[in-house]
2 protein chains.
Amino acid sequence: MFRSKINRLLKSESPLDKVLVKGWIRTRRDSKSFSFIELNDGSCLENLQIIASDTLENYSQIKNLTTGASISVVGKMMESPGKGQKWELDATDIHVLGLSPENYPLQKKRHNDDFLRTIAHLRPRTNKYGATFRIRSELSFAIHKYFREKDFYYVHTPIITASDCEGAGEMFNITAFDLDNAPKVDGKTDFSMDFFGKEAKLTVSGQLSAEMLALALGNVYTFGPTFRAENSNTRRHAAEFWMVEPEMAFYDLFENMDLAEDFIKSLTSHILSHCSNDIKLFANFVDKNLLSRLEKTMTERFARITYEDAVKIINNSGRTFEYDLSFGKALQAEHERFLTEIYFGGPVIVYHYPKDNSPFYMRLNDDHRTVANMDILLPTVGEIIGGSQREERLDVLVSRMDELGLNQQDYWWYVDSRKFGTAPHSGFGLGFERMMMFLTGISNIRDVIAFPRTPKNIEF
Amino acid sequence: MFRSKINRLLKSESPLDKVLVKGWIRTRRDSKSFSFIELNDGSCLENLQIIASDTLENYSQIKNLTTGASISVVGKMMESPGKGQKWELDATDIHVLGLSPENYPLQKKRHNDDFLRTIAHLRPRTNKYGATFRIRSELSFAIHKYFREKDFYYVHTPIITASDCEGAGEMFNITAFDLDNAPKVDGKTDFSMDFFGKEAKLTVSGQLSAEMLALALGNVYTFGPTFRAENSNTRRHAAEFWMVEPEMAFYDLFENMDLAEDFIKSLTSHILSHCSNDIKLFANFVDKNLLSRLEKTMTERFARITYEDAVKIINNSGRTFEYDLSFGKALQAEHERFLTEIYFGGPVIVYHYPKDNSPFYMRLNDDHRTVANMDILLPTVGEIIGGSQREERLDVLVSRMDELGLNQQDYWWYVDSRKFGTAPHSGFGLGFERMMMFLTGISNIRDVIAFPRTPKNIEF
């Protein structure tokens, strides 16, 4: 007999004579000659109410079932006379698949997020985390759908790399050596004997590789894991996270911004229309301002200002900040929050940052003191996107590399792409988990990743 | 002015007055008062023919353009009087974006795959590799589409892990230590001081984590990179590759097989209908039997035999093999090829392998000597899928772990899932690159990955 999923059953237009469902008991309560079971199968937030009558052969067993137990139910789906649900299932047969002893950690009450992180293997069985991971799935799909409709090709850039995308952050080392017995020459580890024959690291960005593919396929994007070995225990940082990196041949910085803004709007709209029930949970219980913030993001044009104007706005705000700001200094989180949450009250694109401290691949502006880059800041989560037009001029690229002390030979293939049919191109990176936080109001990155990796935390 | 992509233009129903295209020159040849340019922008295999008349202002520059140069062209698209194309572009303006000096490695001739691997940053600009990476993109989309339509949720399982999925293969070590100066205690590396506070590795499979999510969300799948530190230089092995791992609550082994077979058929059919031009290139130039093999895979039911019967068939075949076979021994590549390419002449599902040498998580059959697992073998590529019904019975699982000397505490969360609401469930893993090889006839895994990682090879 074909098993039905609860998300489909609840959308049924008419009663159904005989259905089979399988899932986990959320709650059970007794009436005179019945037991009411709320069954969840993970397909949606909603439960299916099961009516288990005392005429069932194994009713004595059913009466003792507790939260978390898994069962298989055959029954007749009919209109529910009770409140809160359209349909209920009048069970003709209930088969117990797995019990749930009384030390089951997820009893019927609200658990706090700190506790739930310690049982990350079980928390997807709660309403909140079930909703989170369903949204995460749909958001991933929305990304692929968006780019495919625009003829972008999805590319897989290497996770293990020998290049460092010019110091985007601290990197993890990878080795096939037993760390206790790595071969040494003159006290230095002999990487020529290692698996790859040289030092290998976990990627911090697929950009440089994606550029090679954009200069062949036109428009491409990556969507994959990236890594930072930064020992920062904040709510917004994880050692392992997913990033989306589109790279577009023939795009300049402003076309890049247009795409990025449209992308965020489109993802937001997709999730609101495809995950409405799951989003409601967050709007009701996690962040009361969620819907209005998402609505605004979808409909209003993002503010756009140069870094230089941003510095002026902040310095003329009459507010005191912890960090001083003047041309050349980095915008701190406090400055970004002020711009997006207070001054503009919505998303902001800040562009043309100072050349100094910018990576070699960002296109130098004609003023020779700024580069053609941009960051997109969102209320509550801060920087969600960083992007730039890439330096396509061979001579400028090479002199920037020299300036920054980079060895051209390490990047011979990258330099090659500017020698042969170079073309203007641009791209950006979107932090996938930050987008999840923005869409749900969840304030800790650890709660939008099934099994987060952070300093001293590699459990599960 | 809006830039058009060549894939869209070539599908046009009518001439177009003014279009803008940008791309790279594949070839250029001169006629009396014209230059014919074949322009490719990566959006499809086909080029757009550009007619550059000597009346163009910069014709002297255009006449010197060579293969690989990038240009921007405005012109009128009209019916082509020439053979081989429906449309051509009569240029009114050509702007040169990037030259391509004569040492450009991709001249107009066929290059062999070994050479092209040394310029992996440029090979996507060839017909064959452009087609490969477009198919790779569409295959990824087909995977997401397939599962979404069946209400599966996409989950991201950890890449950095402390568990080893029970020795699925040699693993890479990850550390934030400088390998020259890792802190030691009694000559042993002190991992308590490392980033995660314990030994960390690159995942070989997301299965154990995915099981936790399946037991909450019902049906889930992973699609992400996995790693093997195996020093094997074969055509079918890479150190970094992508895997698809669906995991389904309430599925038994045979439902698992049904899904896996349907999945392969559906992916094959999707690629044949959505990438027909790119596939034709492979059918014409790479593998003459490609289309008939794919057709057969889509339409015929996969053979299904037990491991025990497979051993009998092989031993009764009258053929000599390099490796002896008897119950308990592993099927070698030569045996698999015999079964799928000769004996059955098509895909084969081999199931119920011996318990010994099987991982602890495979469900023990009632005969106590075999497990509820299966492999799917495809002609030319061999094993494409491995899967099993998972052991859901707490007592059997624990005794299997003891038998294999595994420490229960290392897997406390996994064991937990059998204590609380355990349920029958199954899953499998499909090697994404193997599927690419099957669909294109490409015989070396290095040629379906943009920048492959293999022993001593981490370039680009």
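Not one N or O on the side chain of B:Asp180 forms a donor-acceptor pair closer than 3.5 Å with the backbone of A:Lys188. No donor-acceptor pair closer than 3.5 Å links the side chain of B:Ser137 to the backbone N or O of A:Tyr153. The backbone N or O of A:Ser192 sits less than 3.5 Å from a side-chain atom of B:Lys456, completing a donor-acceptor pair.
Between B:His156 and A:Trp242, the angle of the ring planes lies from 30° to 60°, which puts this pair in the tilted group. Between B:Phe451 and A:Trp413, the ring-plane angle classifies as tilted under the 30° and 60° cut-offs.
Taking the side-chain hydrogen bond (donor to acceptor under 3.5 Å, both in side chains) definition, one finds that A:Ser232 meets it with nothing, sequence neighbours left out. Applying the ring pair (Phe, Tyr, Trp, His ring centres under 6.0 Å) test to B:Phe227 and every residue at least two apart in sequence or in another chain returns nothing.
Between A:Arg8 and B:Asp151 the shortest side-chain heavy-atom distance falls below 4.5 Å. Between A:Leu97 and B:Phe250 there is a side-chain heavy-atom pair separated by less than 4.5 Å. Counting heavy atoms from C-beta outward, B:Leu202 and A:Ile160 have side chains that approach closer than 4.5 Å. With a 4.5 Å cut-off on side-chain heavy atoms, B:Phe177 and A:Asn173 do not count as touching.
Between B:Phe196 and A:Phe172, the ring centre distance stays below 6.0 Å.
For the ring pair (Phe, Tyr, Trp, His ring centres under 6.0 Å) criterion with A:Phe460, the lone passing option out of B:Trp412, B:Tyr411, B:Tyr414 is B:Trp412.
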